[in-house]
Amino acid sequence: MGYVFAAPGQPVVPVIGSTDLFPVHRIYCVGRNYEDHAKEMGFSGREAPFFFAKPADAVLVVPEGKTVDMPYPPQTANFHHEMELVVAIGKGGRDIAAADASSHIWGYAAGLDMTRRDLQAEAKKQGRPWDTAKGFDLSAPLTPIRPVSKSGIVTSGRIWVKVNGQMRQDSDIGKLIWNVDETIEHLSKYFELQPGDLIFTGTPEGVAAVKPGDVMEGGVDRVGTFKVQVR
């Protein structure tokens, strides 16, 4: 018995300071998890967290010190950056208590939840899923993963992104509405988390459009930095 065509490769992310690779299982994302971003999107208050997903092969690895090209996706005229802390899960589980969540974290990355905002707005208006807005090819650029053994548990620190040298998003991880431990607790009620899962934890205020030729530089303190050019 064999495959009817060649099986696709396993999506992976490099690990900082190692030749090992982190195999990606699923990509989960948290919506509206900074208060000021929720307000700029027309919402307010500490609503219960909600989640959406990207395919595992949406990852676009951006090694530190290099500029990586990202294609401008089709079917959009309003392509937005959303800077985020990404949590890499190393131990799975279901119904994980917030008090135990940190023991499930293998490491962290700095990433972008790239969004076709016009498609998302139309999907919201029609009450339809966000897949075309959020889950397109290479919609999840991120740095190599920094293990917890090198970063420690990240509960605060600057998160930022510039476009063509101009600051767009500049906040602190400590401003998350639902912190990382609480996010893992909520997410694990809906899904049994697995080693290899990535969780994009939400974006601060300042999301805005980029166009071909724009250069995005960003990072998270103690985690990593990246540089991406839209083509």
Side-chain angles (χ1 to χ4, degrees), residues 8-17 21-22 24 27 29 34 37 40-41 52-88 107-121 130-146 151 157-173 198-231:
Q10 166 69 53
V12 296
V13 181
V15 174
I16 291 175
L21 299 172
F22 184 91
V24 180
I27 300 176
C29 304
Y34 285 81
H37 172 60
E40 75 180 352
M41 300 303 290
F52 56 92
K54 294 176 182 277
D57 62 0
V59 296
L60 173 63
V61 176
V62 187
E64 293 202 48
K66 295 185 178 180
T67 301
V68 171
D69 288 346
M70 178 181 194
Y72 193 96
Q75 302 299 315
T76 185
N78 197 15
F79 186 39
H80 278 211
H81 58 76
E82 297 192 11
M83 182 66 214
E84 311 208 5
L85 171 69
V86 182
V87 175
Y108 302 94
L112 290 166
D113 166 21
M114 298 303 296
T115 303
R116 293 192 275 206
R117 189 71 71 201
D118 43 1
L119 299 190
Q120 185 189 33
W130 292 6
D131 298 63
T132 57
K134 292 287 193 177
F136 54 93
D137 297 341
L138 305 179
S139 60
L142 77 167
T143 64
I145 293 170
R146 187 175 297 277
S151 67
R158 189 183 183 203
I159 178 172
W160 59 276
V161 68
K162 296 179 180 179
V163 177
N164 301 328
Q166 299 297 312
M167 192 66 72
R168 289 275 189 89
Q169 295 183 266
D170 192 2
S171 190
D172 194 282
I173 298 301
L198 297 176
I199 304 172
F200 281 64
T201 57
T203 193
E205 71 279 8
V207 299
V210 290
K211 61 185 184 303
D214 285 349
V215 176
M216 298 178 286
E217 299 176 76
V220 177
D221 283 357
R222 293 165 47 205
V223 174
T225 59
F226 63 81
K227 191 173 183 180
V228 174
Q229 182 160 27
V230 183
R231 295 292 190 183

Show the numbers, then the answer: is there a side-chain hydrogen bond (donor to acceptor under 3.5 Å, both in side chains) between Lys134 and Ser139?
CA-CA 7 Å; Lys134 292 287 193 177; Ser139 60; over 6 Å; no
Using only atom types and a distance under 3.5 Å, with no angle test, would you say the side chain of Ser171 pairs donor to acceptor with the backbone of Ile159?
no
Asp118 side chain vs Ala77 backbone, donor-acceptor pair below 3.5 Å
yes
Do Gln120 and Thr115 have side-chain N/O donor and acceptor atoms under 3.5 Å apart?
no
CZ on Arg158 to CG on Asp170, rounded to 0.5 Å
4.0 Å
To check you understand the geometry: which heavy-atom pair defines the closest contact between Gly224 and Glu64, and what is its length?
CA-OE2, 3.5 Å
With a 3.5 Å distance limit and no angle check, can you tell me whether Thr143 reaches the backbone of Thr225 through a side-chain donor-acceptor pair?
no
Quick check: does any side chain N or O of Asn164 sit under 3.5 Å from a backbone N or O of Val215, one acting as donor and the other as acceptor?
yes
What heavy-atom pair brings Phe136 and Thr132 nearest, and what distance separates the two atoms?
CD2-O, 3.9 Å
Have Arg168 and Gln166 got a donor and an acceptor in their side chains that come within less than 3.5 Å?
no
Hey, does the side chain of Arg222 reach the backbone of Ser151 with a donor-acceptor pair shorter than 3.5 angstrom?
yes
Could you give the distance from CD1 (Ile27) to CG (Asp57), rounded to the nearest 0.5 Å?
8.0 Å
Where the side chain of Glu217 meets the backbone of Phe226, is there a donor-acceptor pair that is under 3.5 Å apart?
no
What I want to check is whether the side chains of Gln169 and His81 have a donor and an acceptor closer together than 3.5 Å.
yes
Taking Lys54 first and then Asp113, would you say they form a salt bridge - that is, a charged N and a carboxylate O separated by under 4.0 Å?
yes
Test side-chain hydrogen bond (donor to acceptor under 3.5 Å, both in side chains) on Thr201 and Glu84 and set out the steps.
CA-CA 6 Å; Thr201 57; Glu84 311 208 5; 5.1 Å; no
